[in-house]
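Report on the structure given below.
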Amino acid sequence: MIIGEETAKPDDLLAIAHHDLCIVIDPIDGTWNFAMGLPLFGVMLAIIERGETVFALLYDPLMDDWLIAHKGEGTYYHQKDEPPQKIQTGPQKDNTLYGLVGVCQQSPNLKISPLPVERLMAMGCSYYEYRLLTQGAVDFYLSGPTLNPWDHAAGVLALKEAGGYAGLVDEKMPYNPTYQKGRLLACRHRQLWDDLHPYITESALQ
């Protein structure tokens with residue numbers, strides 16, 4: 001079963017939890033950036049077996065490099081004609097934090113207490129948000145309230161295999177590609193997730 005962003009139907013998303021094998025692909029993640037001529041877009045592909053992501057590919061067609069992750073085997077950075085390099089997110093180097101927030105997808109009832117961060121940014125592209133996080137350029141990423149698998153399945157596996165952690169803010173449980181709603185907080189390591197989670201809340205609209 002193949003699921004693409006432009007052709008996915010609601011029944012397709014429900015089938016991910018039970019189908020033996022699903023290939024989920026976003027051929028141009030960061031469509032608005034691409035359309036506006038911004039070089040912030042990429043290709044994301046995930047292989048999901050019975051509701052669990054087992055393979056991830058994040059490809060940059062402009063740089064011609066990519067991240068590959070297999071469940072239980074780590075995440076590797078690849079360049080043409082170069083040996084692959086294993087990636088480990090590791091702890092932040094100091095107390096300064098850098099974060100990414102999906103600003104355009106945030107709901108009006110989201111409340112973010114003053115976070116202990118140096119800078120908050122938005123890329124408008126899940127591919128780049130997960131790539132920067134997995135490679136250690138930023139420390140955390142807060143998603144919008146919609147968890148489309150083509151935006152998160154590949155990125156979360158790459159992050160996890162590199163040592164990071166991604167969990168739903170309200171439910172306080174790890175991400176799964178069968179989830180379609182919920183705000184996701186992804187961090188370069190689990191302790192940072194635990195430290196940042198109390199700063200992020202969401203209450204019902206009044």
I need the Ile28 CD1 to Phe41 CZ distance, nearest 0.5 Å.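 Ile28 CD1 to Phe41 CZ: 7.0 Å, rounded to 0.5 Å.
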Would you find a donor on one side and an acceptor on the other, under 3.5 Å apart, between the side chain of Asp26 and the backbone of Met44?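 Between the backbone of Met44 and the side chain of Asp26 there is no qualifying donor-acceptor contact (under 3.5 Å).
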Check each of Asp139, Thr134, Thr89 against Arg188 using the side chain to side chain donor-acceptor pair (under 3.5 Å) test, and report the only one that passes.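 Single side chain to side chain donor-acceptor pair (under 3.5 Å) partner of Arg188 among Asp139, Thr134, Thr89: Asp139.
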Take atom CE in Met63; do more than 12 heavy atoms of anything else shown fall under 6.0 Å from it?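 Not more than 12 within 6.0 Å, no.
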Near Phe34 CZ, under 6.0 Å, is it more than 12 heavy atoms from other residues, nucleotides or ligands?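 No, because the 6.0 Å sphere around CZ of Phe34 holds 12 heavy atoms or fewer from other groups.
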Search all heavy atoms of Arg131 against all heavy atoms of Leu58 and return the closest pair with its distance.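 Answer, listing the atom of Arg131 first, then Leu58: N-CD2, 4.4 Å.
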Which atom of Leu168 lies closest to which atom of Trp193, heavy atoms considered: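 Closest pair (atom of Leu168, atom of Trp193, distance): O-CZ2, 3.7 Å.
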Would you mind telling me which of Thr146, Asp151, Leu142, Val156 makes a side chain to side chain contact (heavy atoms under 4.5 Å, CB included) with Leu184?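 Answer to the side chain to side chain contact (heavy atoms under 4.5 Å, CB included) test with Leu184 among Thr146, Asp151, Leu142, Val156: Val156.
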When Leu157 is tested against each of Leu67, Thr53, Val54 for side chain to side chain contact (heavy atoms under 4.5 Å, CB included), which residue passes?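 Exactly one pass, corresponding to Thr53.
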Within one Ile-Leu-Val-Met-Phe-Trp-Tyr cluster: Met36 and Tyr128, side-chain cutoff 4.5 Å: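 Hydrophobic grouping puts Met36 apart from Tyr128.
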Report all side-chain donor-acceptor pairs from residues 75-84 shorter than 3.5 Å, counting only partners two or more places apart or in another chain.
from, atom 1, to, atom 2, distance (Å)
Thr75, OG1, Ala158, O, 2.7
Tyr77, OH, Asp65, OD2, 2.7
Tyr77, OH, Gln79, NE2, 3.4

Could you check whether the rings of His152 and Tyr175 sit parallel, tilted or perpendicular, using 30° and 60° as the cut-offs?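 Tilted.
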